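One-based numbering, in listed order, for ligands and for the atoms of each. In this chain, residues are counted from 1 in sequence order. These numbers come from a predicted model, not from an experiment.
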Amino acid sequence: MCGIVGYVGSQSALDVVLAGLRRLEYRGYDSAGVAVLADGGLASARKAGKLANLEKALAERPLPAGATGIGHTRWATHGGPTDANAHPHHDNAGRVAVVHNGIIENFAELRAELADRGHVLASETDTEVVAHLLAEEFSGCADLTEAMRLVCRRLQGAFTLVAVHADEPDVVVGARRNSPLVVGVGEGEAFLASDVAAFIEHTRSAIELGQDQVVELRRDGVSVTDFDGRPADVRTYHVDWDASAAEKGGYASFMLKEIAEQPKAVADTLLGRIGVDGALTLDELRIPAAVLKAVDKVVIVACGTAFHAGLIAKYAIEHWTRIPCEVELASEFRYRDPILGGRSLVIAVSQSGETMDTLMALRHAREQGATVLAICNTNGATIPRESDAVLYTHAGPEVAVASTKAFLTQLVACYLVALYLGQVRGTKWGDEIRAVIRDLAAISGEVGRVLETMEPVRELARSLSGKKTVLFLGRHVGYPVALEGALKLKELAYMHAEGFAAGELKHGPIALIEDDLPVVVVVPSPRGRSVLHDKIVSNIQEIRARGARTIVIAEEGDEAVVPYADHLVRIPATPTLLQPLVATVPLQVFACELATARGNEVDQPRNLAKSVTVE
Ligand code: M6R
């Protein structure tokens, strides 16, 4: 939530910062603002609403040119999305500008102190106190970096801060606790941002800041210390994707592009993890075999779509390893005093690697002695950094707020972990593992085939754009798929959408069925677990008899569903546990198209942000 950019160099800071903000707008779009150091002073502009509003304001009233600047795109927490609450915030003399991501928990107390000392605070935000505190500390030491360290020591909560001071025109200072901040190192220039996407067109050399660190950026280099001024060890890494990966590339939305990228994302996530003999090579996990052999319980913690991936993974983990597996919403996890110990393996699944609920859950798990494995799509993010081990998904940058390709790759990564556990613990034979791996390797092509047949789904979605409610049903792994289909529709189309376990319908939700209500049913394969298949066919008949308009997602060759399907969406036949990888795709397309037909902006749905860095 909230995107931050800082720049010092020889280019126009305003151009660099605005381009960075465009790439970070997925993080929040309640307001945007910039500040530039120029002509011995500080000039800034900020506007409620999307970045386009700010750009329009800047076109009408340009800022003076300068080579040092900061910018912000906001997801509102303290104070509504107004011009006054937009970042940057300033001190009373207008010499300091600061942008912030996170929540300063003791801001009310600090605000009262500042007011007592005669400061006038102009916004309702928690951030503004930092600008005033920085000005006070700077007047004592005339060093913005030191002032930042002193201020950070007084703050509680989660914060990424980036500040400039008119008296230090060639310096940008950043600080990080719990929220992400990455440094970009260029030739004679340096960048700070919440995400490398903001500066990827300028440099692919990055430094991930650690917890409680302050960074000083100058044209000729960066220096990093802790909050007490002790130099910190930093690791520079090379970003392995380029600017084109963060562009729409001819698609109408990032979501459409990311849906289309799924075959590649799935294949890339398997890449290098299968040996020549077809067995799994996950040595990158670096969890000793003895630890994996001793695991007596797996707990998956995640939020939103990643939570749904965890729900599906539970079926595979328990089936392939016979280890009990719990899946818990990260936001609930630590508050119920979960039973964990040295033999628990906690898997934290997160695309961004910075979801605060998931981060707090993993910290709690580690405090209880559990081994924590992160499944993450963002290199060097906080969640993998704080975990004992990490398995990266290789989906590439996911920009659209609605998670699509990350979900499929999270599933693949979970399956790999499950199989690896089975391999290490000997609960699966080598040839069984190789057979699943072969099926997984074929899935990328199957997802591609699904994508080629989506026109009728798009047409159907458009025809339903006037509906108020859509229900989703599934059984077994199809149940979390139904939940995911409903989540996509809620967040994108702003419609009432709910997912149910089909067998649960008769215990209450069937009362919701009324004439012409669209109900999407994810049908398990008729092969293998055919009992499940037969039962869901009965469920389809039950709802149809009560007037539902049935939209049936069923495997090619499943003829039993045909008489009861008002609309039939075919997916390729896959092994039961892998079916979510193909069954989810039509639901993503359905939600995207329906939302577009309703005039919604699919990449930036209302009230949401891509990375949720507050609890
Ligand atoms: O970055 P994460 O995977 O931790 O994010 C978790 C959820 O916030 C995320 O999946 C969210 O539910 C998506 N917007 C759903 O499309």
Side-chain angles (χ1 to χ4, degrees), residues 1 3 26-29 75 178-180 194-195 197 253-256 258-259 262 265 269 300-313 327-333 346-362 372 374-387 390-393 395-411 413-414 472 480-481 483-494 497 499 584-585 587-592 595 600-615:
M1 342 222 72
Y26 72 85
R27 301 180 67 88
Y29 27 86
W75 187 82
N178 285 338
S179 302
S194 312
D195 177 338
S253 65
F254 278 107
M255 185 175 179
L256 282 174
E258 287 158 11
I259 288 174
Q262 292 184 113
T269 300
I300 300 178
V301 288
C303 304
T305 288
F307 171 70
H308 296 154
L311 289 176
I312 293 166
V327 189
E328 182 126 5
L329 288 168
S331 53
E332 291 292 321
F333 181 65
V346 172
I347 305 179
V349 186
S350 173
Q351 187 284 130
S352 61
E354 51 179 274
T355 301
M356 189 57 73
D357 290 319
T358 310
L359 177 62
M360 291 304 167
L362 88 78
V372 176
I375 289 181
C376 184
N377 194 43
T378 313
N379 200 311
T382 312
I383 287 173
R385 281 171 71 101
E386 294 202 15
S387 299
V390 55
L391 188 67
Y392 282 109
T393 50
E398 191 181 66
V399 177
V401 165
S403 189
T404 53
K405 60 177 180 172
F407 175 71
L408 259 59
T409 58
Q410 284 161 353
L411 286 179
C414 286
F472 294 76
V481 172
L483 296 178
E484 175 60 8
L487 175 62
K488 282 287 150 299
L489 204 60
K490 276 184 257 208
E491 72 174 331
L492 294 171
Y494 319 149
T584 309
V585 177
L587 305 186
Q588 298 166 341
V589 172
F590 181 73
C592 184
N600 299 352
E601 285 192 48
V602 291
D603 284 341
Q604 296 177 347
R606 70 183 179 201
N607 304 337
L608 288 168
K610 180 75 179 158
S611 302
V612 187
T613 53
V614 294
E615 274 187 276

Give the residue, atom name and distance (to 0.1 Å) of the protein heavy atom nearest atom 8 (O) of ligand 1.
Val612 CG2, 4.1 Å
Please state which protein non-hydrogen atom is closest to atom 1 (O) of ligand 1 and give its distance, to 0.1 Å?
Ser352 OG, 2.7 Å
What protein heavy atom lies closest to atom 6 (C) of ligand 1? Include the residue and the distance to one decimal.
Cys303 O, 3.3 Å
Spacing of OG1 belonging to Thr269 relative to CD belonging to Gln410, to within rounding of 0.5 Å:
9.5 Å
Nearest protein heavy atom with distance in Å, relative to atom 3 (O) of ligand 1
Gln351 N, 2.6 Å
What's the spacing between Ile347 CD1 and Leu362 CG if we round to 0.5 Å?
12.5 Å
In this structure, atom 16 (O) of ligand 1 is nearest to the protein heavy atom Glu491 OE2, 2.3 Å
Where is the nearest protein heavy atom to atom 5 (O) of ligand 1: which residue, which atom, and how far?
Thr355 OG1, 3.5 Å
State whether the shortest distance between N or O atoms of Ser403 and N or O atoms of ligand 1 falls below 3.5 angstrom.
yes
For the pair Tyr29 (side chain) and Leu608 (backbone), establish whether a donor and an acceptor sit closer than 3.5 Å, ignoring hydrogens and angles.
yes
How about Asn178 and Met356: do any of their side-chain heavy atoms sit closer than 4.5 Å?
yes
Taking only heavy atoms of Ala402, which atoms of ligand 1 are found under 4.0 Å from at least one of them?
16 (O)
Do you know the tightest heavy-atom contact between Thr393 and Ala413?
CG2-CB, 3.9 Å
Checking the side chain of Gln262 only, and the main-chain atoms of Ile259 only, is there a donor and an acceptor separated by less than 3.5 Å?
yes
Looking only at protein heavy atoms, what sits closest to atom 13 (C) of ligand 1 is Val401 O, 3.7 Å
If you have a sec, work out which protein heavy atom is nearest atom 11 (C) of ligand 1 and how many Å separate them, to one decimal?
Thr305 N, 4.2 Å
Say you draw a straight line from OG1 of Thr584 to CD of Glu484; how long is it, rounded to the nearest 0.5 Å?
6.5 Å
So the atoms of ligand 1 within less than 4.0 Å of a heavy atom of Gly304 turn out to be 12 (O)
Kindly give the heavy-atom pair with the smallest separation between Ser350 and Thr355, and that separation in Å.
OG-OG1, 3.7 Å
To check you understand the geometry: which heavy-atom pair defines the closest contact between Val602 and Leu492, and what is its length?
O-CD2, 3.3 Å
Determine, using heavy atoms of Ser611 and all atoms of ligand 1, whether some pair is separated by less than 4.0 Å.
no
Tell me the contacting part of Glu354 for ligand 1: side chain, backbone, both, or neither, using a 4.0 Å heavy-atom threshold, strictly below.
neither
Which ligand 1 atoms, with their elements, are less than 4.0 angstrom from a heavy-atom of Ser350?
1 (O), 2 (P), 3 (O), 4 (O)
Which ligand 1 atoms does Ala306 reach within 4.0 Å, using its non-hydrogen atoms?
3 (O), 10 (O)
Mind listing the closest non-hydrogen atom pair of Gln351 and Ala406 along with its distance?
CG-CB, 3.3 Å
If you measure from each non-hydrogen atom of Lys488 to ligand 1, which part falls under 4.0 Å: side chain, backbone, both or neither?
side chain
